[in-house]
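Please read the structure below before turning to the comments.
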Amino acid sequence: MTINRQWLINANPRGRALTIEDFKYHEETLQALTSDEVRVKTTTLGFDPSQKGQMENVSGYASGNNVGDLMVGRGIGEVIESSHPRFPVGSIVTGPLGWQEYASVKPRLLELIEDEDIAPSAYLGPLGSTGLTAYFGLLRVGQPEPGDEVVISGAAGGVGSITGQIANLVGCHTTGIAGGSKKCDWLVNNVGFNHAIDYKSEHVKSRLRELVPSGINIFFDNVGGDILNDALACIAPHARVVVCGGISRYEQATLPQGPANYFNIVFRQARMEGFLLTAYSAEFAEARRRLKTWIANGDITYKEDVQEGFENIPKTLLRLFSGANFGKQILNL
């Protein structure tokens, strides 16, 4: 008899900060596998701010989940039981495994990892939704041109750091906004950003006007709030504001008022646009091919914030909302 350890959703955290009490430890006995499932032993989980939205059942943003359900999450694992020819026992796969040790998953939801020269965890970062979000958000929504001034908030996170590197690859000038000198130094010295602004110790609007005197052509926003407002005050004519995330508002009880500088979009004849990654699913294969090439050539580097232990899974998600993570947040079970 095999026991499957799980973490379940214990509360809906809409309008407030996540807490450890929002999750409940649970054990169940594994049942016999059905003919249309593959059983995977989870080895690594990835974490994204959107998981909180899924717990809140936010319509249109991410599929909802109810109290008592298994907590959602993408992961990597090894196939330990299967009758499907594409996923033999011993295969390494990625997919929606959830917060559990053993996942019984429909084969259509799994992806086989066969790369020998790239770590499997990359499929939770630069080759997963993180890298794909950066790729399509910048190239399809932002539509960069050589010489553009690209500014990215949340720049030391998984999406932000990859966005900046893609911007460099297509000939743009990059400025990242991050919290703390360590993250800012990493952006400039290791990732290749031209400039970095520490929002914890510097006045963002003043620094933007100093570093980008001609104005921001593309602002890639992962944060929202005051930083978005400061960036809107500094946009260039025909700027593109890409709304990817808004982690500053995810834990507020009431939605904040719109940014005071929003009418600069009119004055500058700019465009502000949000997007969902699912809109580009038909192009995932080509995007991943390009991302793999850039990683193999050393054109894109990435950082992982690795936590350890099944018991620490809830705490690891909370790290995203306190800013404790440095790079793509993952956990090895």
Side-chain angles (χ1 to χ4, degrees), residues 6-26 42 44-75 95-100 103 124-125 128-134 137 153-161 163 178-179 220-228 242-256 274-278 304-307 309-331 333:
Q6 300 177 319
W7 284 101
L8 309 182
I9 298 172
N10 197 45
N12 185 323
R14 189 165 193 172
R16 61 170 175 81
L18 275 173
T19 69
I20 295 298
E21 288 70 32
D22 290 325
F23 307 98
K24 180 181 179 180
Y25 178 78
H26 177 71
T42 307
T44 307
L45 288 172
F47 299 81
D48 297 288
S50 62
Q51 289 173 274
K52 183 174 186 288
Q54 290 174 286
M55 294 172 68
E56 297 170 353
N57 289 291
V58 175
S59 176
Y61 178 49
S63 57
N65 291 270
N66 299 312
V67 172
D69 289 347
L70 175 72
M71 181 58 191
V72 295
R74 294 192 66 82
L97 306 184
W99 287 9
Q100 57 184 342
L124 298 176
S129 61
T130 298
L132 294 172
T133 296
S153 64
V159 172
S161 60
T163 301
F220 195 102
D221 188 29
N222 294 298
V223 175
D226 291 339
I227 290 178
L228 170 60
V242 182
V243 182
C244 178
I247 199 166
S248 68
R249 62 177 287 276
Y250 290 166
E251 299 185 339
Q252 297 184 20
T254 58
L255 294 180
F275 72 101
L276 293 175
L277 184 58
T278 51
E304 296 175 336
D305 185 314
V306 184
Q307 302 298 303
F310 184 91
E311 68 281 2
N312 293 319
I313 292 174
K315 293 179 182 178
T316 301
L317 179 60
L318 268 61
R319 289 173 60 82
L320 297 179
F321 299 95
S322 67
N325 66 301
F326 189 176
K328 174 63 183 181
Q329 186 69 75
I330 63 174
L331 175 140
L333 272 65

Do the non-hydrogen side-chain atoms of [X] and [Y] ever get within less than 4.5 Å of each other?
| X | Y | answer |
| --- | --- | --- |
| Met55 | Met71 | yes |
| Trp99 | Thr42 | no |
| Lys328 | Thr130 | yes |
| Ser153 | Leu228 | no |

For [X] against [Y], the heavy-atom pair lying closest together:
| X | Y | answer |
| --- | --- | --- |
| Val159 | Ala134 | O-CB, 3.6 Å |
| Glu21 | Asn10 | O-ND2, 2.9 Å |
| Leu97 | Gln100 | O-NE2, 2.9 Å |
| Gly137 | Phe220 | C-CE1, 3.6 Å |
| Lys52 | Phe321 | CB-CZ, 3.8 Å |
| Asp22 | Ala17 | OD2-O, 4.1 Å |

Distance in Å, [X] [atom1] paired with [Y] [atom2], rounded so as to fall on 0.5 Å steps:
| X | Y | atom1 | atom2 | result |
| --- | --- | --- | --- | --- |
| Leu277 | Thr133 | CG | OG1 | 4.5 Å |
| Glu311 | Leu333 | CD | CG | 9.0 Å |
| Gln6 | Ile313 | CD | CD1 | 10.5 Å |
| Phe23 | Leu8 | CZ | CG | 11.0 Å |

Side chain Asn12, main chain Arg14, donor-acceptor under 3.5 Å =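 Yes, Asn12 side chain to Arg14 backbone: donor-acceptor pair under 3.5 Å.
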Backbone N/O of Gln51 and side chain of Asp48: donor-acceptor pair under 3.5 Å |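 Side chain of Asp48 to backbone of Gln51: no pair is present.
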Option passing side chain to side chain contact (heavy atoms under 4.5 Å, CB included) with Phe47 (candidates Asn325, Thr316, Leu318) =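 Of the listed options, the one satisfying the test is Thr316.
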Contacts of Arg319 that satisfy side chain to side chain donor-acceptor pair (under 3.5 Å) - sequence neighbours left out =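 Residues passing side chain to side chain donor-acceptor pair (under 3.5 Å) with Arg319: Asp305, Gln329.
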Any residue meeting side chain to side chain contact (heavy atoms under 4.5 Å, CB included) with Thr44, in chain and number order, not counting sequence neighbours =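 If we apply the side chain to side chain contact (heavy atoms under 4.5 Å, CB included) test to Thr44, skipping adjacent residues, the hits are Ile76, Leu124, Ile330, Asn332.
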